[in-house]
Amino acid sequence: MSDYDPDAVEAKWQARWREERTNEPDLEHAARPFYNLMMFPYPSAEGLHVGNMFAFTGADVYGRFKRMQGWNVFEPMGFDAFGIHSENFALKIGVHPAELIPRNIATFTRQLTRMGGMFAWDHVLSTTDPSYYRWTQWIFLQLFKRGLAYRKKGAVNWCPFDKTVLANEQVIAGACERCGTPVEQRVLEQWYFRITDYAGRLLDNLDDAAKMDWSSSTVTAQKNWIGRSEGAELTFDVMPAVAGRRITVYTTRIDTLFGATFIVLAPEHPLVDAITTPKQRAAVDDYRAAIAAKDLVSRKVGEKEKTGVFTGAHAVIHGTGRELPVWIADYVLMEYGTGAIMGVPGHDERDFEFAREFDLPIVRVIAGVGDADDAPLDQASISDSATDRVVNSGPFSGRSPADAREAIIAMLEGAGAATPSQPPVRRKTQYRLHDWCISRQRYWGPPIPIIYCERCGPVAVPEEQLPVLLPPLEDFRPDDSGISPLARNDAWYRVPCPSCGAPARRETDVSDTFLDSSWYYLRYPSTGMNDRAFDPDITRRWLPVTSYIGGNEHAVLHLLYSRFITMVLHDAGFLDFDEPFRRFRAHGLIIKDGAKMSKSRGNVVIPDDYLARWGADTLRTYLMFLGPYQEGGDFRDASISGPRRFLDRVWDLVSQATDPDCRDAEIRHEVLVKWHQTKQKVAGEIEALHYNTAIAALMELVNALREQNCSEHTVVTELVQMTAPFAPHFAEECWERLGHSGSIFDSMWPAFDPALTLTDDVTIVVQVNGKVRGNVVVSRDADEATVRSQAEGDASVERHLAGKTVRKVVYVAGRLINFVVA
RNA sequence: GCCCAAGUGGCGGAACGGUAUACGCGGCGGACUCAAAAUCCGCUUCCCGCAAGGGAUUGAGGGUUCGAGUCCCUCCUUGGGCACCA
């Protein structure tokens with residue numbers, strides 16, 4: 001009987017898996033493909049920490065389990081190695097990223113292998129490899145061809161520390177997501193992807209159960225991010241009249257139209273110049289100058305005190321007489337809706353504050369159940385329920401807000417007949433989502449494959465000339481100019497126009513890292529393919545991804561962009577599905593000392609010491625045991641001894657099962673039932689990603705076997721099989737010691753017999769008035785009368801029933817009997 | 001402010017509306033040992049009690065139910081996300 005030696009066992013099986021290519025499915029002929037994807041890492045210089053390992057192990061457990069259920073599991077791994085993370089770190093330590101990244105990838109590869117992941121290394125990829133980013137550039141061109149990539153000059157988020165443009169998604173509370181520096185506003189020409197064209201579809205597919213089975217928290221996050229609102233655009237004439245100029249506002253509450261007492265335009269609104277009266281000109285110009293000088297931080301998250309200025313103009317709905325003063329104020333955003341609103345101070349908090357600030361009238365037009373029609377408002381009432389009624393609104397008074405919305409739209413559509421070219425009202429669905437800015441004025445990314453020609457404008461680099469290689473550049477440091485470092489390399493960017501041959505220049509911006517990661521799952525199965533991004537046959541067989549597991553921090557960024565890119569490629573005829581991830585589950589986070597494990601908090605735990613001391617299998621089992629996988633849990637090193645003891649005990653059971661002298665072939669009935677119950681429970685729990693309770697069930701089985709002194713060969717074999725997803729090397733070794741050949745991962749997951757999961761006797765809880773007063777053991781098929789008479793015989797129950805009248809008896813077969821007494 | 005999670009022993013955490021505290025850690029006691037570690041056995045929610053037994057208990061307060069950690073309402077706390085989106 002040898003002791004369990006994790007180092008020897010893990011080294012042996014890792015070598016064997018490599019030699020026998022155990023983890024490489026036959027992608028071309030697989031009969032039951034199962035694409036088990038996990039979010040690929042950014043290969044940081046620090047290496048893998050236990051938070052990453054927790055995430056990967058959980059996904060790996062699931063893949064190994066599915067494989068033992070007979071699926072051909074493809075579990076690839078790769079590296080998201082372009083981007084600001086890598087570049088900034090390279091700058092910090094003074095090593096070129098082209099040198100640093102391969103080093104980091106080597107470290108990650110070693111750690112991921114050491115962890116015992118079932119990775120198909122034949123298909124490893126890095127987004128920095130020209131054979132990969134060639135196709136990232138190709139995807140850009142597909143969007144460009146279809147008018148979905150466009151250039152726009154506009155205010156963008158500029159991080160003065162990282163010296164680059166940030167996507168809206170990378171700005172958190174007005175500061176750079178990465179470095180926390182307050183973000184400034186800059187006007188630059190940028191490439192955008194028209195993701196807003198897909199907003200409705202990105203939203204609607206979320207509810208399509210045939211396409212998507214996702215964690216509900218992730219679905220909610222995406223819905224909120226896309227932010228659909230149903231409303232109407234309403235057009236006003238301007239007084240004094242300016243030829244052909246009208247103001248269009250967007251509102252979701254047109255039922256409050258009669259409560260509108262002013263109009264507000266965003267300060268940047270194009271109409272402001274035209275409508276401002278001479279008298280107000282100076283005040284308006286001053287205000288606009290002041291707003292333009294403000295950075296985005298103070299505008300977006302600064303104090304929400306209302307400021308603004310009157311333009312001197314008035315607005316009036318065509319055909320009605322009421323005139324509303326037109327103001328400009330920075331609380332109205334140019335990016336959303338029409339950049340103009342109708343101010344309804346009685347029923348909108350922001351308009352209320354504005355009206356208070358500038359002494360504008362506040363009118364109540366919605367009243368709740370107990371409210372008088374003209375009850376004064378000391379704050380905006382934003383109520384919108386069927387029990388509310390519209391008041392002070394002429395012919396619409398008395399209706400519910402929802403009714404009034406319909407009626408007012410109908411009335412205005414009628415009025416629109418007076419100006420058929422432009423009716424004053426139009427129903428409009430509005431999204432919060434913005435187009436995706438993909439330009440980055442940085443070095444470490446794929447160059448955007450566009451050439452600017454004086455005569456032809458922006459021209460696509462011909463596909464056969466891809467990739468546009470990122471040129472070697474000694475000084476890749478970004479500067480304050482807003483121009484990419486690539487512009488320093490004349491020889492690289494001066495090229496002839498592909499269309500007319502005239503001298504032209506390359507685009508010198510690179511694309512966003514999120515573009516790299518938006519399609520990597522399409523590339524994995526086709527990494528060997530050089531003339532296309534992905535092989536159509538292999539893709540048809542393996543995609544959409546069967547199971548995707550990753551962090552919820554990517555709920556709205558990576559996952560939304562990936563869905564968008566997939567839709568575009570579908571519409572372009574390259575894919576026959578438009579949702580990439582059939583099932584998505586978010587894993588939880590590892591907490592250490594009460595906080596999320598992260599570099600910035602300095603509580604990162606590196607797995608190397610634990611691997612050296614306990615081995616990968618024990619660390620894996622511990623990580624999966626410390627809490628529900630989808631919620632995460634606390635990492636405390638003291639607790640790791642529990643899972644190790646568990647493996648040691650299984651090891652001993654294997655020793656006993658193979659020792660002819662102490663082999664006990666008898667399986668007592670209690671053991672038999674526990675064994676089958678465990679098989680049923682463990683499979684169900686792993687499927688639900690409840691790994692902690694699956695392991696607990698295995699521990700219970702081990703305890704039962706030890707108590708009953710049972711080490712029967714079949715039972716121990718199946719125990720080992722169920723342990724395999726968590727402790728793969730350990731299980732392979734036990735499998736071999738038990739006399740089985742081949743990899744345990746080519747064996748079938750143990751089946752259970754439902755009849756044997758039931759005990760002959762059941763314990764019935766006896767309650768009196770809902771309080772537990774005792775229990776009785778009866779045979780499983782005992783009838784109510786038998787249970788009742790036995791229950792009444794229980795001494796404690798008898799005492800509580802004495803002198804009382806039984807009013808009612810609730811009997812739940814196999815569970816409990818409750819006497820309701822008075 | 002809005003949206004989403006979650007509040008259970010000393011700790012990590014279990015519980016189809018049906019015996020709350022499974023499993024594990026830690027602790028206490030015992031066996032083995034010259035001793036220690038490892039291992040094995042037993043106890044371990046709290047309070048009263050020698051015991052038998054009784055009472056309390058899932059963030060707080062209400063409600064539904066024969067029965068609520070679980071469902072409903074109000075509130076508090078923590079974590080995460082969004083934040084002037086009309």
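Lettering follows sequence order; numbering is per chain, from 1. Owing to the predicted nature of the structure, the values given are computational and were not obtained by experimental measurement.
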Seminar exercise, completed: Checking B:rC25, B:rC84, B:rU19 against the side chain of A:Ser639 (C-beta onward), the nearest is B:rC25
Exercise. Counting any heavy atom closer than 4.0 Å, what does A:Ser229 reach on the DNA or RNA strands: base, sugar-phosphate only, or nothing?
Worked result: sugar-phosphate
Problem set entry | Donor-acceptor pair between A:Thr693 and A:Glu685 side chains, under 3.5 angstrom | yes
Exercise. Using a cut-off of 4.0 Å on non-hydrogen atoms, how would the nucleic acid contact of A:Leu626 be classed: base, sugar-phosphate, or nothing?
Worked result: sugar-phosphate
Exercise. Counting any heavy atom closer than 4.0 Å, what does A:Val812 reach on the DNA or RNA strands: base, sugar-phosphate only, or nothing?
Worked result: base
Seminar exercise, completed: Closest to the side chain of A:Val810, out of B:rC66, B:rA86, B:rA14, is B:rC66
For this session: Please determine if A:Glu670 and A:Lys674 form a salt bridge, counting it only when a charged side-chain N lies under 4.0 Å from a carboxylate O.
Result: no
For this session: For A:Asp648, answer base if it contacts any base atom (sugar-phosphate contacts may also be present), sugar-phosphate if it contacts only those atoms, and nothing otherwise; contact means non-hydrogen atoms under 4.0 Å.
Result: nothing
Exercise. What's the closest nucleotide to the A:His800 side chain, out of B:rA56, B:rA86, B:rG54?
Worked result: B:rG54
Problem set entry | Nearest-neighbour nucleotide for the A:Arg645 side chain, B:rU19, B:rG26, B:rC23 considered | B:rG26
Exercise. Does the ring of A:Trp675 carry A:Lys679 above it, NZ/CZ under 6.0 angstrom from centre and within 45° of its axis?
Worked result: yes
For this session: Name the closest nucleotide to the A:Val772 side chain, picking from B:rA20, B:rC23, B:rA86.
Result: B:rA20
For this session: For A:Thr57 and A:Tyr691, test the side chains for any donor-to-acceptor distance below 3.5 angstrom and give the result as yes or no.
Result: no
Problem set entry | 5' priority, RNA chain B, between A:Lys681 and A:Ala697 [closest heavy atom] | A:Lys681
For this session: Find the partner of B:rG42: check Watson-Crick (N1-N3 plus N6-O4 or O6-N4) and G-U wobble (N1-O2, O6-N3) distances, both under 3.5 Å, and reply none if neither fits.
Result: B:rC28
Problem set entry | Per A:Phe625 side chain, nearest of listed nucleotides B:rG12, B:rA86, B:rU19 | B:rG12
Problem set entry | Per A:Thr220 side chain, nearest of listed nucleotides B:rC3, B:rG55, B:rC23 | B:rC3
Exercise. With a non-hydrogen cut-off below 4.0 angstrom, is A:Arg807 in contact with a base, only sugar-phosphate, or nothing?
Worked result: nothing
Exercise. Under 4.0 angstrom, heavy atoms only, what part of the nucleic acid is A:Arg228 near: base, sugar-phosphate, or nothing?
Worked result: nothing
Exercise. Just by distance, with hydrogens left out, do A:Glu230 and A:Thr429 show a side-chain donor and acceptor under 3.5 Å apart?
Worked result: yes
Problem set entry | Proximity to the side chain of A:Arg706 - top-ranked nucleotide from B:rA14, B:rC40, B:rA86 | B:rC40
Problem set entry | Integer-rounded Å distance: B:rC23 P and A:Phe726 CZ | 17 Å
For this session: Assign A:Gln767 to base, sugar-phosphate, or nothing according to its heavy-atom contacts below 4.0 angstrom with the strands shown.
Result: base
Problem set entry | Integer angstrom distance from the C1' of B:rC66 to that of B:rG17 | 12 Å
For this session: Remember a base hit wins even if backbone is also touched, and classify A:Asn692 as base, sugar-phosphate or nothing at under 4.0 Å, heavy atoms.
Result: sugar-phosphate
Exercise. Roughly, in whole Å, what's the span from CD1 in A:Ile640 to P in B:rG26?
Worked result: 12 Å
For this session: For A:Asn818, report the nucleic acid contact type (base, sugar-phosphate, nothing); a contact means any heavy atom under 4.0 Å.
Result: base
Exercise. If you look at every strand shown and take non-hydrogen atoms under 4.0 Å, does A:Arg644 touch a base, only sugar-phosphate, or nothing?
Worked result: nothing
Exercise. So, is A:Asn224 near the phosphate of B:rA83, with a side-chain N or O under 4.0 Å from OP1 or OP2?
Worked result: no
For this session: May I ask you to say what A:Arg636 touches in the nucleic acid, namely base, sugar-phosphate or nothing, with a heavy-atom cut-off under 4.0 Å?
Result: sugar-phosphate
Exercise. Ignoring hydrogens and angles, are the base of B:rG1 and the side chain of A:Glu349 linked by a donor-acceptor pair under 3.5 Å?
Worked result: no
Exercise. Ignoring hydrogens and geometry, is there a side-chain-to-backbone donor-acceptor pair from A:Arg426 to A:Leu234 under 3.5 Å?
Worked result: no
